[in-house]
S.K.: 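Can you keep this structure in mind? I'll have questions shortly.
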Amino acid sequence: MTHLSEPPHLVWPTAAVRTSYLAGERADCLAEGRTTDWLGPAGDDFEAFVEQRRGVQIRWNVPATIFWYVSGEHYLGTLVVRHRLTPELAAAGGHIGYHVVTPWRRQGHATRMLTAGLTECLSLGLERVLLTCASDNEASRRVIRANGGVPDGQAQGEDRFWITVPRS
């Protein structure tokens, strides 16, 4: 495993991690049996791909901000903050979605990335956020609980957790 030269942090998508992003997302697709077809166009014009993901975008019918978790030229994962909930997101999806790419999993990055994401939520005025995860996703449940997640039942096959966003 590569040693990281600086602590990972959230940034808006950046072309500086092109090689690592494409390799990490390709590894995820292959590990999960998903197609890698979308990576061709992303790799062909990575600058445009990045630009489409920067800033506040309307996704899931709500304003959303995409962050990448990076260390130098290394892309470790993605965190999405949805600025508000629709009835659908209140059932499954929540305010925050995240993933760490396969090469960087099981090293505590998801927990630290979610912690950083909560700071971003506070800057948006969100004081309490909903996170959901598949009922069989024990790793994600541990990450959410490590960040103060309080269970709130299930909906649509997903476990629901509320986190009161820390002020400091």
S.K.: Looking at Trp60, does the NZ or CZ of Arg82 lie under 6.0 angstrom from its six-membered ring centre and within 45 degrees of the ring axis?
M.R.: yes
S.K.: Under the criterion side chain to side chain donor-acceptor pair (under 3.5 Å), I'd like the reasoning laid out for Thr115 against Asn147: C-alpha separation, chi angles, the key distance, then a yes or no.
M.R.: CA-CA 6 Å; Thr115 300; Asn147 276 281; 2.6 Å; yes
S.K.: Take His99 and Glu25 through the side chain to side chain donor-acceptor pair (under 3.5 Å) test and state the conclusion after the steps.
M.R.: CA-CA 10 Å; His99 82 279; Glu25 292 294 341; 2.9 Å; yes
S.K.: Are Glu32 and Arg105 ion-paired here, with the side-chain N under 4.0 Å from a carboxylate O?
M.R.: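 Here Glu32 pairs with Arg105 in a salt bridge, since their nearest N and O are under 4.0 Å apart.
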S.K.: Using 30° and 60° as the class boundaries, would you call the ring planes of Trp68 and Tyr75 parallel, tilted or perpendicular?
M.R.: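 Ring orientation of Trp68 relative to Tyr75: perpendicular.
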S.K.: Between OG1 of Thr65 and CD of Glu120, what distance do you get to the nearest 0.5 Å?
M.R.: 8.0 Å
S.K.: Got a second to check how far Cys133's SG is from Ile144's CD1, nearest 0.5 Å?
M.R.: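 Nearest 0.5 Å value for the SG-CD1 distance: 4.0 Å.
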S.K.: Look up atom NE2 in His83 and atom SG in Cys121, then write down how far apart they are to the nearest 0.5 Å.
M.R.: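 Going from the NE2 atom of His83 to the SG atom of Cys121 covers 8.5 Å.
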S.K.: Output yes when a side-chain donor or acceptor of Gln154 lies under 3.5 Å from a complementary backbone atom of Ser135, and no otherwise.
M.R.: no
S.K.: Got a second to check how far Asn137's CG is from Arg142's CZ, nearest 0.5 Å?
M.R.: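 It comes to 9.0 Å.
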S.K.: Check whether His9 reaches the backbone of Pro7 with its side chain - one donor and one acceptor, N or O, closer than 3.5 Å.
M.R.: yes
S.K.: Do Val150 and Phe161 land in one hydrophobic cluster if side-chain heavy atoms of ILVMFWY residues count as linked below 4.5 Å?
M.R.: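 Looking at the clustering, Phe161 is in a separate group from Val150.
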S.K.: Distance-only, no hydrogens or angles: does the Arg59 side chain make a donor-acceptor pair with backbone N or O of Ala64 under 3.5 Å?
M.R.: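 No; judged by distance alone, with no hydrogens or angles, the pair does not exist.
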S.K.: Under the ring pair (Phe, Tyr, Trp, His ring centres under 6.0 Å) rule, what do Phe46 and Tyr21 come out as? Steps first, then yes or no, please.
M.R.: CA-CA 10 Å; Phe46 198 70; Tyr21 178 91; 5.6 Å; yes
S.K.: If every non-hydrogen atom of Arg84 is compared with every non-hydrogen atom of Leu89, which pair is closest and at what distance?
M.R.: O-CD1, 4.1 Å
S.K.: Rounded to the nearest 0.5 Å, what's the gap from CG on Leu76 to CH2 on Trp104? Could you check?
M.R.: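 The CG atom of Leu76 sits 5.5 Å away from the CH2 atom of Trp104.
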S.K.: CZ of Arg141 to CG of Asp159: how many Å apart, nearest 0.5 Å?
M.R.: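 Interatomic distance, Arg141 CZ to Asp159 CG, rounded to 0.5 Å: 5.0 Å.
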S.K.: Looking at every non-hydrogen atom in both residues, tell me the closest pair between Ser5 and Ser71 and how far apart they are.
M.R.: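 For Ser5 versus Ser71, the nearest heavy atoms are N-OG, 4.1 Å.
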S.K.: What pair of heavy atoms forms the shortest contact from Ile163 to Leu131, and how long is it?
M.R.: CD1-CD1, 3.7 Å
S.K.: Looking at Glu127 and Arg167, does any basic side-chain N land under 4.0 Å from a carboxylate oxygen?
M.R.: yes
